[in-house]
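Only one structure is covered here, and it is reproduced in the block below.
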Amino acid sequence: MPTAPTLELRRYSRLKNLRERAERQGAALQFWARTASLAVISCFFSSISR
């Protein structure tokens, strides 16, 4: 008969999932921040070059 996961294993699994989700959200935020900053910089350079 299989044993139920202990509290420690469930806690570890939950924290691992939370950390992985936070890393994905951080990567998405970095992507959008870089994209926005590149767009602003390109608009700035295109406006001063006219």
Side-chain angles (χ1 to χ4, degrees):
M1 180 166 120
T3 60
T6 63
L7 178 62
E8 188 70 25
L9 289 175
R10 287 184 297 181
R11 183 180 299 144
Y12 174 78
S13 176
R14 191 173 344 134
L15 289 175
K16 181 181 173 187
N17 290 337
L18 285 172
R19 188 194 67 212
E20 289 172 352
R21 182 173 49 175
E23 287 177 358
R24 284 191 305 272
Q25 289 174 343
L29 179 62
Q30 287 177 357
F31 170 78
W32 289 113
R34 287 179 183 151
T35 302
S37 65
L38 286 173
V40 168
I41 291 168
S42 69
C43 288
F44 173 74
F45 280 124
S46 68
S47 69
I48 64 169
S49 67
R50 292 181 185 193

So how far is it from L15 CG to E20 CD, rounded to the nearest 0.5 Å?
11.0 Å
Is there a path of hydrophobic side-chain contacts, each under 4.5 Å between heavy atoms, that joins L38 and F44?
no
For A39 and S42, work out which heavy atoms get closest and say how close.
O-OG, 2.9 Å
dist R14:CZ -> R19:CZ (nearest 0.5 Å) comes out at 15.0 Å
Is a side-chain donor or acceptor of S13 paired with a backbone partner of L9 at a separation under 3.5 angstrom?
no
